[in-house]
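Here is the structure we will look at, set down as structure tokens.
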Amino acid sequence: RRSACWEISLPTVQVEFYGIPRQRAGTAVCQVRLQVDPVRIGDLLRELAEQHPQLTPECIIDGRLQRGFVANINAEQFVADAGRILADGDTVLLLSADAGG
């Protein structure tokens, strides 16, 4: 039996989809546990494209959001840099750049 102190905790990010990304993903929310640490937006996008292949190529391609789509971290900051590091427990919103008018 393994002790809990030996278990490796993998970063988990919650993703919320709005607009076209929600239509393509077929869900409003998902939890993504990534196998890398630190986790970058590009890592998350690659994993999302794997889990929800219908997001490619319209929304995501090669670990980047396509033009017309944006990511927001914790409803505080819009990001475009695929190298931006995410923290365990972050919430990332994926939406069409024109969502909400």
Side-chain angles (χ1 to χ4, degrees):
R1 187 174 142 201
R2 289 178 22 171
S3 169
C5 65
W6 291 101
E7 292 181 17
I8 297 172
S9 177
L10 297 172
T12 301
V13 175
Q14 177 169 297
V15 180
E16 297 180 11
F17 300 98
Y18 293 92
I20 293 171
R22 181 180 287 187
Q23 292 172 347
R24 297 297 178 264
T27 188
V29 179
C30 73
Q31 297 281 331
V32 179
R33 179 164 283 157
L34 292 123
Q35 303 293 319
V36 296
D37 193 15
V39 173
R40 292 178 169 74
I41 288 279
D43 301 322
L44 174 65
L45 294 174
R46 278 187 281 282
E47 183 63 26
L48 285 172
E50 225 176 89
Q51 290 183 14
H52 303 279
Q54 57 276 36
L55 288 169
T56 61
E58 184 176 2
C59 303
I60 300 170
I61 193 163
D62 296 328
R64 296 191 181 274
L65 287 171
Q66 291 284 54
R67 176 171 285 172
F69 297 93
V70 294
N72 181 286
I73 300 173
N74 299 322
E76 296 173 353
Q77 177 184 23
F78 285 96
V79 294
D81 179 11
R84 168 65 160 74
I85 294 175
L86 297 169
D88 182 44
D90 276 349
T91 297
V92 176
L93 313 174
L94 292 184
L95 57 153
S96 304
D98 61 352

Value rounded to 0.5 Å, distance of CD1 in Ile60 from CD in Glu47: 10.5 Å
Closest non-hydrogen atom pair between Leu10 and Leu34, with its separation: CB-O, 3.4 Å
Nearest heavy-atom neighbours spanning Ala82 and Arg40: O-CB, 3.5 Å
Same apolar cluster: Val92 and Leu48, side chain cutoff 4.5 Å: yes
Check against side chain to side chain contact (heavy atoms under 4.5 Å, CB included), Cys30 and His52: CA-CA 10 Å; Cys30 73; His52 303 279; 4.0 Å; yes
Reported CG-to-CD distance for the pair Leu86 and Gln14, which is rounded to 0.5 angstrom: 13.0 Å
Residue pairs passing the side chain to side chain donor-acceptor pair (under 3.5 Å) test where at least one lies in residues 81-90, sequence neighbours excluded: Asn74-Asp90, Gln77-Arg84
Side chain to side chain donor-acceptor pair (under 3.5 Å) pairs, two or more places apart, involving residues 58-69: Arg24-Glu58
Hydrophobic cluster membership, Ile20 vs Ile61, 4.5 Å side-chain cutoff: no
Transitive ILVMFWY side-chain link Val79 to Val36, under 4.5 Å: yes
Separation between CG of Leu55 and CD of Gln23, rounded to the nearest 0.5 Å: 11.5 Å
Distance (rounded to the nearest 0.5 Å) between Leu95 CG and Phe17 CZ: 11.5 Å
From CZ (Phe69) to CG (Leu45), nearest 0.5 Å: 12.0 Å
Closest heavy-atom pair and its distance - Ala49, Thr56: CB-CG2, 3.5 Å
Interatomic distance, Leu44 atom CG to Ile73 atom CD1 [nearest 0.5 angstrom]: 9.0 Å
